[in-house]
J.: 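The structure under discussion is supplied below as structure tokens; questions concerning it will follow.
For ligands, and for the atoms within them, numbers begin at 1 and follow the listed sequence.
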Amino acid sequence: MQILDGNLVSKALKANIKIEVDNLKIQGVKTPHLAAILVGADGASMTYVGAKEKDCKEVGFDSTVLRFDADISENDLLAEIEKINNNDSIDGLIVQLPLPKHINEKKITETINWKKDVDGFHPMNVGLMFKGLPCYLPATPFGIIKLLEYYQIETAGKSCVVIGRSDIVGKPMSILMLQKNCTVTICHSKTKNLTELTQQADIVIAALGIPEFLKKEMVKEGAIVIDVGISRVNDASSAKGYSLKGDVDFANVSPKCSYITPVPGGVGPMTRVGLMLNTLEAVKRK
Ligand code: NAP
């Protein structure tokens, strides 16, 4: 069994991005600039945005975080997005989700200029991805593809089960695995024979958000298992009072696998690098 080490791979990819950014600066091309909008004070969202700021610094990007109170109106937020759309110094924009209930996420996503939509959530980018055309891929599936490529894992002809069909992970992941020539099955909460399907799969990608859902009897010997899940689980032994758990029962599943991602240190850091790659691409396209 080999661990697919997201920390190691993301470090290597970030070092490459830094080299490209330094070259852009030497050539007098602009420094990539990522803006993030954070609404409210949700602890996890603040942590994610903080991590993105840190990544930008590491690879030499400029970054701006625009913070708004949770009671900002939808119209005011849309106006802020338009301002960034029209600001040539900013190459990429992300709006940290989830947003407060009174704000329509769909409207927000569709208002971001798709050329700055480095999260890859705008329908234009989704359509381009579906067609296999150049676009911004959603960061998590993009990061997973990069991880598989780094370890030179052959995907052609393999059967792949994706558990979860969200717009940001499951659905795009299934399209990308199809483009990698896998035979793809998508499972969701209404799937009846899930265990039967995962038992047959060469690759299982678990993205459902239920801690330790995938058990050892659900995977076949030699399977490749990618664990996207991140759940905070109460843990009195941790100083934070919680620990992070993936969707895979790692201790019992990992001995059966040929490759597996840990949580933390697997898909999480690759998602972060996916966003950095998209932001660099935004400048290159200019
Ligand atoms: P989501 O929007 O809540 O979607 C969950 C999906 O799982 C849904 O499609 C749901 O089916 C399906 N599901 C729920 N219970 C199921 C069950 N018992 N059997 C089969 N399918 C089931 O979640 P998400 O945004 O895709 O995120 C999934 C997990 O990945 C979460 O833990 C999230 O925190 C994590 N995540 C991690 C990263 C990272 O960087 N590592 C990035 C994004 C998300 P229905 O459609 O039928 O409801």
Side-chain angles (χ1 to χ4, degrees), residues 3-7 9-10 13-14 36 42-52 54-55 94-99 101 105-106 109 118-121 126 136-148 160-177 184-201 204-215 217-219 225-234 242-250 260-278:
I3 296 283
L4 299 172
D5 188 340
N7 284 329
V9 179
S10 69
L13 296 186
K14 279 194 277 186
D42 174 71
S45 293
M46 283 161 69
T47 305
Y48 292 141
V49 169
K52 288 164 192 171
K54 189 170 156 274
D55 290 334
I94 56 165
V95 177
Q96 186 64 47
L97 302 179
L99 289 167
K101 293 238 171 331
E105 283 184 5
K106 187 170 166 282
T109 303
V118 286
D119 257 338
F121 296 163
V126 176
Y136 300 118
L137 297 174
T140 301
F142 187 21
I144 292 170
I145 294 294
K146 286 283 171 195
L147 191 64
L148 294 171
C160 174
V161 168
V162 179
I163 314 175
R165 57 173 164 179
S166 70
D167 287 346
I168 63 166
V169 188
K171 274 188 214 164
M173 193 70 243
S174 65
I175 299 294
L176 296 184
M177 293 309 277
V184 181
T185 306
I186 310 170
C187 296
H188 46 78
S189 67
K190 306 288 185 291
T191 301
K192 290 210 168 105
N193 55 341
L194 189 139
T195 296
E196 229 172 82
L197 295 165
T198 56
Q199 279 172 342
Q200 305 288 323
V204 180
I205 302 178
L208 67 158
I210 300 182
E212 301 187 329
F213 174 87
L214 194 78
K215 305 288 184 205
E217 55 279 8
M218 295 168 77
V219 297
V225 173
I226 307 293
D227 190 351
V228 183
I230 309 177
S231 302
R232 286 186 181 191
V233 176
N234 290 339
Y242 66 85
S243 55
L244 295 181
K245 287 262 179 256
D247 287 345
V248 177
D249 177 6
F250 184 88
I260 186 167
T261 59
V263 175
V267 173
M270 294 307 298
T271 296
R272 286 166 57 181
V273 92
L275 182 64
M276 297 297 114
L277 286 167
N278 279 343

J.: Check Y136 against N278 and note the closest heavy-atom contact, atom names and distance.
T.: CE2-O, 3.4 Å

J.: List ligand 1 atoms under 4.0 Å from G229, heavy atoms only on the residue side.
T.: 29 (C), 30 (O), 32 (O), 35 (C)

J.: So between H188, M270, R272, whose heavy atom ends up nearest atom 21 (N) of ligand 1?
T.: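 It is H188 whose heavy atom sits nearest to atom 21 (N) of ligand 1.
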
J.: Run down the list V169, T140, I163 and name the one with the heavy atom closest to atom 27 (O) of ligand 1.
T.: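 Nearest heavy atom to atom 27 (O) of ligand 1 lies in V169.
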
J.: How does V228 reach ligand 1, by side chain, by backbone, by both or by neither, if only non-hydrogen atoms under 4.0 Å count?
T.: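 For V228, backbone and side-chain atoms both sit under 4.0 Å from ligand 1.
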
J.: Can you check side-chain contact (heavy atoms from CB on, under 4.5 Å) on Q199 and V219, steps first, answer last?
T.: CA-CA 5 Å; Q199 279 172 342; V219 297; over 6 Å; no

J.: Which option, D247, V267, T261, T271, owns the non-hydrogen atom nearest atom 40 (O) of ligand 1?
T.: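 Among D247, V267, T261, T271, the closest heavy atom to atom 40 (O) of ligand 1 comes from T271.
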
J.: Which residue owns the protein heavy atom closest to atom 15 (N) of ligand 1, what's the atom, and how far is it?
T.: I210 CD1, 3.7 Å

J.: Can you pull out the closest protein heavy atom to atom 25 (O) of ligand 1? Residue, atom name and distance to 0.1 Å, please.
T.: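 Checked against all protein heavy atoms, atom 25 (O) of ligand 1 sits closest to I168 CD1, 3.7 Å.
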
J.: Tell me: protein heavy atom nearest atom 6 (C) of ligand 1, and distance?
T.: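 Protein heavy atom with the smallest distance to atom 6 (C) of ligand 1: G164 CA, 3.7 Å.
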
J.: Looking only at heavy atoms, what is the nearest atom pair of D247 and G209, with distance?
T.: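 Nearest heavy atoms, D247 then G209: OD2-N, 2.9 Å.
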
J.: Please confirm whether the backbone N or O of F250 pairs with a side-chain atom of E212, one donor and one acceptor, at under 3.5 Å?
T.: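 No: the side chain of E212 does not pair with the backbone of F250.
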
J.: Given P172, C187, A207, S166, which has its nearest heavy atom closest to atom 28 (C) of ligand 1?
T.: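 Considering heavy atoms of P172, C187, A207, S166, the nearest to atom 28 (C) of ligand 1 sits in A207.
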
J.: Which atoms of ligand 1 have any heavy atom of G268 under 4.0 Å away?
T.: 40 (O), 41 (N)

J.: Just to be sure I read this right, does ligand 1 sit under 4.0 Å from the backbone of T191, its side chain, both, or neither, counting only heavy atoms?
T.: neither

J.: Locate the shortest heavy-atom distance separating M173 from P141; write the atom from each residue and the value.
T.: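 That would be SD-CA, 3.6 Å.
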
J.: With backbone taken as N, CA, C and O and side chain as the heavy atoms from C-beta onward, which portion of I230 lies under 4.0 Å from ligand 1: side chain, backbone, both, or neither?
T.: both

J.: Considering all heavy atoms of both residues, which atom of V169 and which atom of A207 are nearest to each other, and what is their separation?
T.: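 In this case the closest contact between V169 and A207 is CG1-CB, 3.6 Å.
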
J.: Using only atom types and a distance under 3.5 Å, with no angle test, would you say the side chain of D227 pairs donor to acceptor with the backbone of I260?
T.: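 Answer holds: no.
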
J.: Which residue is it: T191, I186, L208? I am looking for the one with a side chain to side chain contact (heavy atoms under 4.5 Å, CB included) to R165.
T.: I186

J.: Under a 4.0 angstrom heavy-atom cut-off, which atoms of ligand 1 come close to F213?
T.: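 Counting atoms of ligand 1 from 1, those under 4.0 Å from F213 are 18 (N), 19 (N).
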
J.: Between the main-chain N or O of M218 and the side-chain N or O of T198, is there a donor-acceptor pair closer than 3.5 Å?
T.: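 At least one qualifying donor-acceptor pair exists.
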
J.: Quick check: does any side chain N or O of N193 sit under 3.5 Å from a backbone N or O of E196, one acting as donor and the other as acceptor?
T.: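 No; zero donor-acceptor contacts below 3.5 Å.
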
J.: With a 4.0 Å cut-off, strictly under, does atom 45 (P) of ligand 1 pick up any protein heavy atom?
T.: yes

J.: Please state which part of L208 comes within less than 4.0 Å of ligand 1, counting heavy atoms only: side chain, backbone, both or neither.
T.: both

J.: Quick one: closest heavy-atom pair of P262 and L4, and the distance?
T.: CD-O, 3.3 Å

J.: To the nearest 0.1 Å, how far is atom 29 (C) of ligand 1 from its closest protein heavy atom, and which atom is that?
T.: G209 N, 3.7 Å

J.: Of the protein's non-hydrogen atoms, which lies at the shortest distance from atom 22 (C) of ligand 1, and what is that distance?
T.: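 Looking at atom 22 (C) of ligand 1, the protein heavy atom closest to it is S189 N, 3.6 Å.
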
J.: Only heavy atoms count here, so choose which of R232, R165, M173 is nearest to atom 9 (O) of ligand 1.
T.: R165

